[in-house]
Every structure is written in structure tokens, then in C-alpha cells.
Amino acid sequence: MRLYNTLGREFAELRTRDEGKIGMYVCGATVQSAPHLGHGRSAVVFDVIRRYLEWLGFEVTYVRNVTDVDDKIIAAALDEGVSTDTIVERAYTAFDEAHRRLGVREPTVEPWATHHIDEMLELIGQLLDTGHAYAVGGDVYFSIRSYPAYGRLSRHDPSDLRSGARVDPDDRKKDPLDFALWKAAKPGEPSWDAPWGAGRPGWHIECSAMARKYLGVGFDIHAGGHDLIFPHHENEIAQSEAATGEPFANYWLHNGMMNLEGEKMSKSTGHVIDLLEALDIHRPTAVRLVYLRTHYRKPLDFSEGGLFDAEAALDRLWGFRRRTPEPVEDAPDEEMISRFQTAMDEDFDVAGGLGVLFDLVREGNRRLDDTEDAGALVAAYDEIVGVLGLGEETSDLEDLGLKIAEIAAKYGVPSGSIGDLLETRDRARSERNWAASDGIRDDLGSIGIVVEDAPDGSRWHRG
RNA sequence: GGCGACGUGGCCGAGUGGCCAGGCAAGGGUCUGCAAAACCCUCUACCCGGGUUCGAUUCCCGGCGUCGCCUCCA
């Protein structure tokens, strides 16, 4: 398969370091505040990439870090008069909840920055020893002049950057572009002991240290948001490669930003939609589908309308699957699978893959309408939907139990189960008792259960 | 100023040098006690101007427009 490598800005055939295995590092959350829709996109998009690679047969080690020490966290704690732990815990819980509801699979490893201070100290030590870093009054900076390839990923020329008005010069730095590997401890801030003085790590060093620990040198895929290309990923590369003299990661994948009314969603500007709130209002899978309909590298403009659109599309998918009882024994339809793979093999063209899925659904529905066998198509559906994580959530009816019992009582159905209600309704229908049959359907409809009649019997699902 | 992305039918959104994306919405039809679903049909687009080509939405050049990064940010 081919993928687009930000490093070099070109499509490249995927060649793994170790045969059949893929090491993948995704820059996860800075657990500083509640996640917004943009965070969800990144999590979902790389979740699908990971699922697809596994579906191809690779053994994927998927590492997604948690940044639990940084300026913003400290600022938030100070602001609210609580500990940084409180901020971190609250935000992490929210991210975790959002991931779960979006169907994002758990990473193989989820390393926290503060649990890897030793690894960072070791890396910083190496950089100091080899002259790639220098300590000034408790701070340690990476010297970008010691790493000639600086700017290769983001295609920035250091001299252009230097002349940029936004770089704030600091007399203690040898070069205005040098960045902090270690920040000297300040009163009231979390800090750890280090040979060059107590302090806390800079932002970039954690990813270098943790990626090296869990994936080794020259691992396969490093991913994250487009906004991380510079400076975060550029700096990761510089410090990692300066320390080891070896390539850091082979393929760099970056997801496009999420826009709101044409403008980038951003925590810092408050121009955001809270992810958990969105998931309360809409079916999580519909939110997931919104993320997946646009190619992962493109900007995605969020709109309420798009979400309703996705809900309708989902109904179409699920409506097909509901027509066939659960497990299917057949082998998946080869043509559909192969078309899906062809799309996905070209830089994860999920939108193209979805096109195949909808074609499959139309053909499957057609066959079922004509009472032909659709087993192979259903099996292919399950396979594709599994890769994309778009399966219908199995919903229990616990929350509706009381209401269902009420309706059952109203129609004299003793058990209070949906199945018995529908049986009673079937009897009413065969007796042409439309008042009762429509009444049951309407009453169930009013509590969110949709009843549909088909030639081979009635089906129900949550609306 | 530097680096970069994008501009497709009512909306969303893939993709391709010559032939079909797909979804949603809309209209018509089939089926049906009604409803819903499903199926069939219709709606056939590719920012503008040049160029290359037998042929360009797709390649090249120029322009216009939108957006992103260059500062913490998925």
C-alpha cells in the first residue's frame, strides 16, 4: 500500500522496519481541558488507519501518549486553585470517555509523560554529552545549529524562521530557534531532580523518549495533527536523530484540521465545540462517520447539517445489516473486499472505501428484495464496517424497560417485552385490527423504537 | 514576508487524461392495509485564462478565491 509521507511530501510504498510488524506513534492529548471535535477527528482517523493496517495482517504496536505536564496545565491549576493532578485527572477522564464513545480502540501502550522522566533525562544527558544541547542556569536547550537537517520536515529554512517577527529572542539561547529540553524549576510548579538542576521537561522531549522506549529507533509511522508539524515534530526529529545518529521515524502522517464556520477550531481561541457535548446530542457513530467521510489529510469544515446527513447515511447502512440475522457464515464477497482494499491502499482513501460500502449495500438490498442470497455481501459488510468501526452500537433497552412495560400493559401483553409486543401486533395485523397494530407501532415510536414491517416479518430498532 | 493545502452538481464529498464515485436532499415510479424501509428512474459537476494533447475536471503556466503553519494547539 502507499501512503503520503509529510517527510518529503510524497507518496511512498509502505515498507516496514520489521517484516509484518508496524510501530506507530500518535501524538495524543495534552490533558489540560475538555476535548473538542478536533481531538476526536485525530483519534478516529488514526484509529481507522491502525485498524486497517491490522486488517492487512500487520502486527501493530500502537502508542498514543498522554502529556500530563506542561505550561497550560500548570496555568489552569493555578487559575482554579487546585493541583495539577486535579486538572490532569479531569481532562484525562473526559478524553477517555470521548474515545470510548467514539469507538476508538485502546492503544497498545498509553505512556504518560510524567512516568517517563528517567527516559527523558537519559536522552537529554546524551544530547548534552554529544554537544547537541547546553545548560544555562538550570534550563537545557537543544542547539539547532548542531543539527544541519533542521527544518526538513516542515520545510522551513532556519534563517527565514529567525527573521520571523514571532520568534522571541532570549539572550541565554545561542540561537533564537533553540528550544527547551528542560525548564528549571519554579516555585509551586511540579519538578523533578536532574543532574543539571531540578525542573520539568520541555514539551517535545517526551515523545522522543517514549517513542524510543516503546518502538525503538527508526520505527515506522509517526502521526499527529497537521498543526504539530512545526515546531513539535520538527523538534522531535532533531533531538532524536541528533542523539542516536539514526533516523527517528520513517513515515509521518498528519491529519487535517477541523474548521468551524471556515475557521480552525482551537482551544486557545475558544472557537470550539465540546466533543462530549456533541456526543450527547448526536449518535457517536454519526460523529465518527463525519470524521471519516473526508480524507484524513484534508481540512474538515464542521456543520450541524453534515451530522444529520451522516445520521441518515448510517441508517442506510444499518438498515441493510438488520435485514439479515446476526452471524453470517459465508466468505466475504471478493469483489467488494478487493475494491475496498484498492481504495484504502491508496493513502487510506476511506471516502472511496465508503463508496464501495454503499455500493455493496445497494446490491445487497437488491438481492434481498429479490429473495436472492446476500450472505457474501453481508459478510463483506461486516468486514468493512469492522475496519471502519461503523457498526451499529448494540443498545440494551434497560433505560426503556419501564416505558415498554407500560405499553405492554396498555395492550394486555403480560411479559412486557418488545418481542411479545410485536407478536401481539402481528396477530392484530393478521386480524386486520389496524387500530391496535398501528397503536403499538406509534406508542413504541414515541419512545424511540422504530417498527418496520417486511414481507418476512417485523423488525424493530432504536431510532 | 516565508512554507503549504485546497477550489467538483442543491449540500457534503472521492476520484480519473477519453467511460460509473458515493452519501444526503429533491422529483417520479414499483412494492405495500397504512407507515417506514428497500429497489428502479431523473437531477450528469469539476473556479477563471492560457498551454501540452487526437482528447483535460484530471498534466503544465498564470490569475482569482478560501484556508492552514511560521507562537501553546489534534
Side-chain angles (χ1 to χ4, degrees), chain A residues 6 9 26-30 32-33 35-46 67 70-72 75 95 151 154-157 159-161 163-168 203 223-232 234 254-259 262-269 272 275 289-290 293-295 297-301 303 305-317 319-320 322-323 339 343 346 349-359 361-370 429 432-434 437-438 441-442 445 450-455 458-459 461 463:
Chain A
T6 306
R9 312 286 160 113
V26 178
C27 280
T30 298
Q32 155 220 167
S33 57
H36 59 67
L37 278 172
H39 295 108
R41 181 183 192 192
S42 189
V44 165
V45 147
F46 293 125
T67 301
D70 111 312
D71 292 354
K72 287 266 172 76
F95 270 92
S154 58
R155 303 215 159 168
H156 283 315
D157 182 336
S159 55
D160 289 340
L161 287 168
S163 62
R166 282 161 150 184
V167 177
D168 87 286
W203 175 32
H226 187 262
D227 52 350
L228 297 181
I229 294 173
F230 190 91
H232 185 52
E234 193 71 61
H254 292 97
N255 69 277
M257 295 293 98
M258 192 102 181
N259 297 143
E263 248 179 77
K264 189 184 120 176
M265 234 178 253
S266 169
K267 261 189 290 211
S268 47
T269 56
V272 291
L275 181 54
L289 181 56
V290 165
R293 282 197 305 185
T294 302
H295 185 90
R297 280 192 286 114
K298 282 196 173 181
L300 165 54
D301 198 44
S303 75
L307 219 28
F308 287 111
D309 196 287
E311 304 235 12
L314 224 41
D315 276 334
R316 179 165 168 72
L317 294 180
F320 167 63
R322 290 187 200 115
R323 298 182 68 175
R339 283 178 58 200
E346 195 59 35
D349 179 10
V350 175
L354 279 167
V356 175
L357 183 61
F358 281 101
D359 281 348
V361 164
R362 190 190 316 103
E363 175 63 12
N365 275 323
R366 209 217 81 235
R367 285 194 203 170
L368 291 173
D369 280 357
D370 296 348
R429 288 184 71 213
R432 305 184 75 76
N433 179 357
W434 309 129
S437 79
D438 291 353
R441 186 174 62 200
D442 290 348
V450 179
V451 177
E452 294 174 4
D453 298 325
S458 302
R459 287 189 295 273
H461 64 89

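Just so it is clear, the model here is predicted, and its values are computed rather than measured. Each chain gets a letter, A, B and so on, in the order the sequences are listed, and its residues count up from 1.
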Among all residues two or more places apart in sequence or in another chain, which pass the ring-ring contact (aromatic ring centres under 6.0 Å, His included) test with Phe46(A)?
none
If you write RNA chain B from 5' to 3' in dot-bracket form, with Watson-Crick or G-U pairs under 3.5 Å, [ ] for crossing pairs and | for pairs with another strand, what do you get?
(((((((..(((.....[...))).(((((.......)))))....(((((..]....))))))))))))....
Calculate the interatomic distance between Arg316(A) atom CZ and A38(B) atom C1'; express it in whole Å.
8 Å
Check this for me, if you would: do Arg441(A) and Asp438(A) make a salt bridge, where the nitrogen-to-carboxylate-oxygen distance has to be below 4.0 angstrom?
yes
How does protein contact run along nucleotides 25-34 of chain B, one letter per nucleotide 5' to 3', with B for base contact, S for sugar-phosphate only, - for none, heavy atoms under 4.0 Å?
--------BB
Could you check whether Gly28(A) gets within reach of a base, just the sugar-phosphate, or nothing at all, counting any heavy atom under 4.0 Å?
sugar-phosphate
Taking donor-acceptor contacts at under 3.5 Å, does the side chain of Asp359(A) reach the base of G22(B)?
no
Side-chain N or O of Thr30(A) versus OP1/OP2 of A74(B): is the shortest distance under 4.0 Å?
yes
What is the separation between atom CZ on Arg297(A) and atom C1' on C67(B), rounded to the nearest whole Å?
16 Å
For G22(B), take OP1 and OP2 only and decide whether either is under 4.0 Å from a side-chain N or O of Arg362(A).
yes
How long is the line joining CD of Glu363(A) and C1' of A21(B), in whole Å?
16 Å
His295(A): which residues meet the ring-ring contact (aromatic ring centres under 6.0 Å, His included) condition with it, sequence neighbours left out?
none
Encode nucleotides 13-19 of chain B as B, S and - characters from 5' to 3', where the letter depends on protein heavy atoms closer than 4.0 Å: B to the base, S only to sugar-phosphate, - to neither.
SSS----
Not counting sequence neighbours, which residues clear ring-ring contact (aromatic ring centres under 6.0 Å, His included) with Phe95(A)? List them please.
His39(A)
Met258(A) side-chain proximity, nearest of A74(B), U71(B), C67(B)
A74(B)
Return no unless some side-chain N or O of Arg9(A) is found under 4.0 Å from OP1 or OP2 of G4(B).
no
For A74(B) and Asn255(A) - does any side-chain N or O of the residue sit under 4.0 Å from the phosphate oxygens OP1/OP2?
no
Determine the contact category for Leu228(A): base if any of its heavy atoms lies under 4.0 Å from a base atom, sugar-phosphate if only primed atoms, P, OP1 or OP2 are that close, otherwise nothing.
sugar-phosphate
What integer distance in Å separates Glu452(A):CD from A36(B):P?
10 Å
A38(B) C1' sits how many Å from Phe320(A) CZ, rounded?
11 Å
